[in-house]
Amino acid sequence: MKSYTLISNIKMLAGILDKNILLKKGAEMGVLNSIENAYLIIENDCIFGFGKMENLNESLQNIKISHEINANNGMVLPAFVDSHTHLVFANWREEEFEMRIKGKSYEEIATAGGGILNSAKKLQSMSEEELFIKALERLNQVIKQGTGAIEIKSGYGLTVHDEIKMLRVIAQLKSVSPIPIKAVSYTHLRAHETGRNLVCRLLLE
């Protein structure tokens, strides 16, 4: 059964594209097409129609609105799709960011106990429940900032046990998330760490 939702009185409906435009690149990325004083009609989960409020009646002639949202002069724009995140981790590494600002190389930071191995050690010592609580807080933060779909990778476990632990946390997030989550097993971070250290040594030599 078709269900129609109307969002009315939109001050600015942003991200308008011609249906024949499948890709924007280069300078086109800096152009944000929009309609002021607009409406948007959604059929089930798909956009059915949009336009200026003055033309709304034309779009309503052959459909019945089952739910209406008054935007009250708010903005409506497409959500972000975040295609590469490591949302499940133990703690931030702001001290390493400070070291990089001071000119430390990645190898120097790793030698001092930082880098991916540092993140892995912290994650391995943290319980699954605590990882979930922290990751859920981060998920809610990115949703508030406009993310509408997200990919979450494992990778910081570095052991089979801890990689599975991360994937279980991601599965928990999927079960409670209001937005789509794609889980990806990312198992090459140990090689990534080794490779970066090797490159650093070669450059220094």
Side-chain angles (χ1 to χ4, degrees), residues 15 23-25 29 42 44-47 76-205:
L23 174 67
K24 290 180 69 175
K25 58 184 178 180
M29 297 290 289
I42 302 167
N44 296 334
D45 292 326
C46 297
I47 293 175
V76 174
L77 66 160
F80 301 118
V81 176
D82 199 335
S83 60
H84 186 126
T85 77
H86 293 274
L87 199 73
V88 179
F89 62 92
N91 292 305
W92 297 99
R93 286 155 48 185
E94 64 272 8
E95 70 281 0
E96 295 180 28
F97 183 70
E98 183 178 351
M99 291 171 71
R100 298 195 73 169
I101 291 175
K102 293 179 179 178
K104 297 291 185 181
S105 68
Y106 188 87
E107 185 180 44
E108 289 173 318
I109 293 172
T111 301
I116 291 169
L117 296 180
N118 180 33
S119 290
K121 183 178 180 180
K122 291 178 179 179
L123 184 142
Q124 291 165 1
S125 64
M126 186 169 284
S127 71
E128 190 171 315
E129 181 181 4
E130 191 173 0
L131 279 172
F132 170 72
I133 292 171
K134 286 178 173 287
L136 183 59
E137 290 175 356
R138 298 181 192 115
L139 178 64
N140 289 331
Q141 287 173 359
V142 299
I143 290 173
K144 288 179 180 179
Q145 292 171 355
T147 297
I150 193 168
E151 178 192 76
I152 305 176
K153 300 181 187 295
S154 68
Y156 282 108
L158 298 190
T159 68
V160 172
H161 171 78
D162 292 293
E163 284 295 300
I164 293 174
K165 178 169 70 173
M166 292 186 71
L167 292 171
R168 283 199 299 262
V169 171
I170 297 173
Q172 283 184 273
L173 292 172
K174 291 181 69 171
S175 71
V176 299
S177 172
I179 66 171
I181 292 177
K182 175 70 174 178
V184 175
S185 179
Y186 194 68
T187 56
H188 302 294
L189 282 180
R190 182 173 291 279
H192 172 74
E193 172 76 6
T194 303
R196 287 196 69 163
N197 284 334
L198 176 60
V199 169
C200 287
R201 283 196 295 272
L202 289 173
L203 288 174
L204 287 172
E205 293 173 359

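Throughout, numbering of the chain's residues begins at 1 and tracks the sequence. Only heavy atoms go into these numbers, but all of them, side chains included; no hydrogens, no water, no symmetry mates. These numbers come from a predicted model, not from an experiment.
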To the nearest 0.5 Å, tell me how far Leu87 CG sits from Lys153 NZ. 12.5 Å
For a 4.5 angstrom cut-off between non-hydrogen side-chain atoms, does Gln172 reach Leu136? no
Gap between atom CZ of Phe89 and atom OG of Ser154 - 0.5 Å precision: 15.0 Å
Which atoms form the tightest heavy-atom contact between Gln124 and Gly157, and what is the distance? NE2-O, 2.7 Å
Minimum side-chain heavy-atom gap Ile150-Ile143 below 4.5 Å: no
Where do Ile181 and Ser177 come nearest, in terms of heavy atoms and distance? CD1-CB, 3.6 Å
Considering residues, nucleotides and ligands other than Asp45, do more than 12 of their heavy atoms fall under 6.0 Å from its CG? no
Check whether any side-chain N or O of Glu163 sits under 3.5 Å from a backbone N or O of Leu158 as a donor-acceptor pair, and report yes or no. yes
With a 4.5 Å heavy-atom cut-off, do Val142 and Asp82 have their side chains touching? no
Closest heavy-atom pair and its distance - Tyr156, Ser119: CD2-CB, 3.7 Å
When every non-hydrogen atom of Met166 is compared with those of Leu123, the smallest separation belongs to SD-CD1, 3.7 Å
For Ile47, is the CD1 atom crowded, meaning more than 12 foreign heavy atoms sit under 6.0 Å from it? no
For residues 137-149, which residue pairs pass the side-chain hydrogen bond (donor to acceptor under 3.5 Å, both in side chains) check, not counting sequence neighbours? none
Using the rule given for side chain to side chain contact (heavy atoms under 4.5 Å, CB included), can you reason through Ile152 versus Lys174, listing the C-alpha separation, both sets of side-chain angles and the distance that settles it, and then say yes or no? CA-CA 10 Å; Ile152 305 176; Lys174 291 181 69 171; over 6 Å; no
Quick check on side-chain contact (heavy atoms from CB on, under 4.5 Å): which of Val81, Val184, Ile170, Thr85 does Glu151 satisfy it with? Val184
Identify every side-chain donor-acceptor pair in residues 127-135 under 3.5 Å, counting partners at least two apart or on other chains, and give the distances.
residue, atom, partner, partner atom, Å
Ser127, OG, Glu130, N, 3.1
Glu128, OE1, Arg168, NE, 2.9
Glu128, OE1, Arg168, NH2, 2.9
Glu128, OE2, Arg168, NE, 3.3

Could you tell me whether Lys182 atom NZ has more than 12 heavy atoms of other residues or ligands within 6.0 Å of it? no
Taking all non-hydrogen atoms of both residues, which atom of Pro180 and which atom of Gly148 are closest, and how far apart? CD-O, 3.2 Å
Salt bridge (charged side-chain N to carboxylate O under 4.0 Å, His left out): pairs with one or both residues in residues 108-127, sequence neighbours excluded: Glu95-Lys122
